[in-house]
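Remarks on the structure that follows.
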Protein chains: 2
Amino acid sequence: MLKAERKRFILNEVRIHNRVLLTDIAETLNVSVDTIRRDITELHKERMLKKVHGGAISLGFDNIHIGRGDIYALELKTKIAQKGISLLKMGQVILLSGGTTNMEFARLIPVELQITCFTPSLPVANQLMTKPNIDLIFIGGKMAKSSQIAIGGDAINMLSDIRVDMCFLGTNSIDSKHGLTEFDWEIVQLKKAMVKASKKVVCPVISEKLHSDQRYKVCDIDQVDILLTELDPMDARLDSFRDKNIQII
Amino acid sequence: MLKAERKRFILNEVRIHNRVLLTDIAETLNVSVDTIRRDITELHKERMLKKVHGGAISLGFDNIHIGRGDIYALELKTKIAQKGISLLKMGQVILLSGGTTNMEFARLIPVELQITCFTPSLPVANQLMTKPNIDLIFIGGKMAKSSQIAIGGDAINMLSDIRVDMCFLGTNSIDSKHGLTEFDWEIVQLKKAMVKASKKVVCPVISEKLHSDQRYKVCDIDQVDILLTELDPMDARLDSFRDKNIQII
DNA sequence: AAAATTATTGCACAAAACTGCATGTAGTTG
DNA sequence: CAACTACATGCAGTTTTGTGCAATAATTTT
């Protein structure tokens, strides 16, 4: 029995019965309780279920499981997202791009925080729908299958009518010389509109993406107000971004 | 044994058993485990299966699970949705409202069918995102928490610019005298715009909702072109809808 | 046809992952 | 608080992986 198989089995059980017992699963699958415990711990970290004393229960969203089984470098992204959360103030209006970091960000927004969010990202919207205190406005348009965000004229149009306090703009690549760059032309157009629609641009990005660049440019580095990475703000890898009027957090 | 042959064999095994073990395949095909490992690595990159420690498993719908756990009268709605599917033609442009019947409808759209869908409903959009052949345009706007659809000026604006072949308009209540009615004023505004944006209005509704009405009116009954219920078209409960220029299916 | 290039395959070996067990700690229940 | 169950952690044995290398097969170029 493969590990992945067990995990899938557990998830299915949770989906059906809404809860599982460690011992039950262990017996059913003929492996030690420790193994199941470890599986469940992983699934918990992957946010596929909730680990509780003695077993696990489903996350219990209304009708959509926002599973993020294989987010790359989830830990780092959580760290970045948390730094981002600390920037939020009650009553603010923000704009969120797509990407897994922003997903994590959306997930971590405290339930009691009352803010208005705009987003063209379907997964982010799903996430935000679970927060009763957030006013959510979806930027509509043609949905790009790969990135699950709305693109094209409609989206850009809608963005042209708004001006938000702060934009959390995920990016494919960032470099102190070439600025923010992307691989996909359509997405560049959208992100340009997002930058235009925001008073402040916050750029959450894992250190790995620093000093890399792609074909098309979204904006210059000096348009970014705040740079969020998982690194210590004093880290040497951030040196080239200093003295650019960017706040590094 | 050709590489392609092996790969096909592996895929078939995965399709049938939902999983394969590296060692099993290697033994069956009489090649080294390394070779199979490489094959599976490639198939993984090609997104034909998921490589896991010890073997591979089918892709399944791990990431996003769109729950239909407790849809009221799901059987009936499935029946209605299927009738709706039969109205679809390749290349059409349709508009889908929210509601569980339309969710079911979206789920049942055949993967090979190539159509363009507009919708202001987040769950419907999620569902449609899983279909590669569907062009999806999300009608953006302020998201209503309870119904999970976009409402307000933005949504209505966006609708005012389109004219689709057919609209599948779920409704709260329908009556031969009072037409389509709703409980929520905002949603009425949206649905009015949806009716306006469509050449044909199809109204999928379970028989239970026939002959009931609510506070606010969406449109008159003669604006509905096709009425879809789970009943036999000749059923007596549909009598009052006859001779209204409505096609009953 | 010969030579050169590229792709495929098996093997070796160190690194990583997996799993059960033992141990001490934390949480739960009566 | 005492008995009990569940938990985290470290360890060891086993299996699986990734990678470099060499031999062979297939393809292209000359």
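Letters A, B, ... are given to chains in the order of the sequence lines, protein chains preceding strands, and every chain is numbered from 1.
Rounded to whole angstrom, the span from the CZ atom of B/R19 across to the C1' atom of D/dT16 amounts to 15 Å. The distance from atom CD1 of A/I36 to atom C1' of C/dC18 is 13 Å, rounded to the nearest whole Å. The distance between atom CD of B/E27 and atom P of D/dT16, rounded to the nearest whole Å, is 12 Å. Rounded to whole angstrom, the span from the CG atom of B/L21 across to the P atom of D/dT17 amounts to 10 Å. At whole-Å resolution of the value, CG in B/D24 and P in D/dT16 are 10 Å apart. Between the CG atom of B/L22 and the P atom of C/dA17 there is a distance of 17 Å, rounded to whole Å. As rounded to whole Å, 11 Å separates atom C1' of D/dT19 from atom CZ of B/R37.
Aromatic ring centres of A/Y216 and A/H178 lie farther apart than the 6.0 Å criterion allows. Taking the six-membered ring where the residue is Trp, the centroids of A/F105 and A/F168 are separated by under 6.0 Å.
B/T28 contributes a side-chain N or O that, together with a main-chain N or O of B/D24, makes up a donor-acceptor pair within less than 3.5 Å. A/E182 places a side-chain N or O within donor-acceptor distance of the main-chain N or O of A/N172, the cut-off being under 3.5 Å. Using a distance-only test at 3.5 Å, with no hydrogens or angles considered, no donor-acceptor pair links the side chain of A/S198 to the main chain of A/V201.
Atom CD of B/E42 has more than 12 heavy atoms from other residues, nucleotides or ligands within 6.0 Å.
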Short heteroatom pairs, N/O only, protein and nucleotides 7-9 of chain C, under 3.5 Å:
from  : atom 1 : to   : atom 2 : distance (Å)
C/dT9 : OP1    : B/R6 : NH1    : 2.6
C/dT9 : OP1    : B/R6 : NH2    : 3.4
C/dT9 : OP2    : B/R6 : NH2    : 2.7

Extract from the structure each pairing of a protein N or O with an N or O of nucleotides 25-28 of chain C at less than 3.5 Å, listing the distance.
none

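For the pair A/V14/A/I57, no side-chain contact is recorded, criterion being any heavy-atom separation below 4.5 Å from C-beta on.
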Step-by-step side-chain hydrogen bond (donor to acceptor under 3.5 Å, both in side chains) determination, B/N126 to A/N126:
CA-CA 9 Å; B/N126 282 321; A/N126 283 322; 2.8 Å; yes
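With no hydrogens or angles considered, no side-chain donor-acceptor pair links A/D213 and A/S173 at under 3.5 Å. Between the side chains of A/T116 and A/Q92, no donor-acceptor pair is found at a separation under 3.5 Å. Between the side chains of A/T101 and A/K77, not a single donor N or O lies within less than 3.5 Å of an accepting N or O.
Between D/dT17, C/dA12, C/dC21, one nucleotide has an atom nearer to the side chain of B/D34 than all others, and that is C/dA12.
For the helix from C/dA1-D/dT30 to C/dG30-D/dC1, the terminal axes (five pairs an end, C1' atoms, rotation from four pairs onto the next four) enclose an angle of 50°, given to 10 degrees.
In this model, the phosphate group of D/dG18 is approached by a side-chain N or O of B/K51 to a distance below 4.0 Å at OP1 or OP2.
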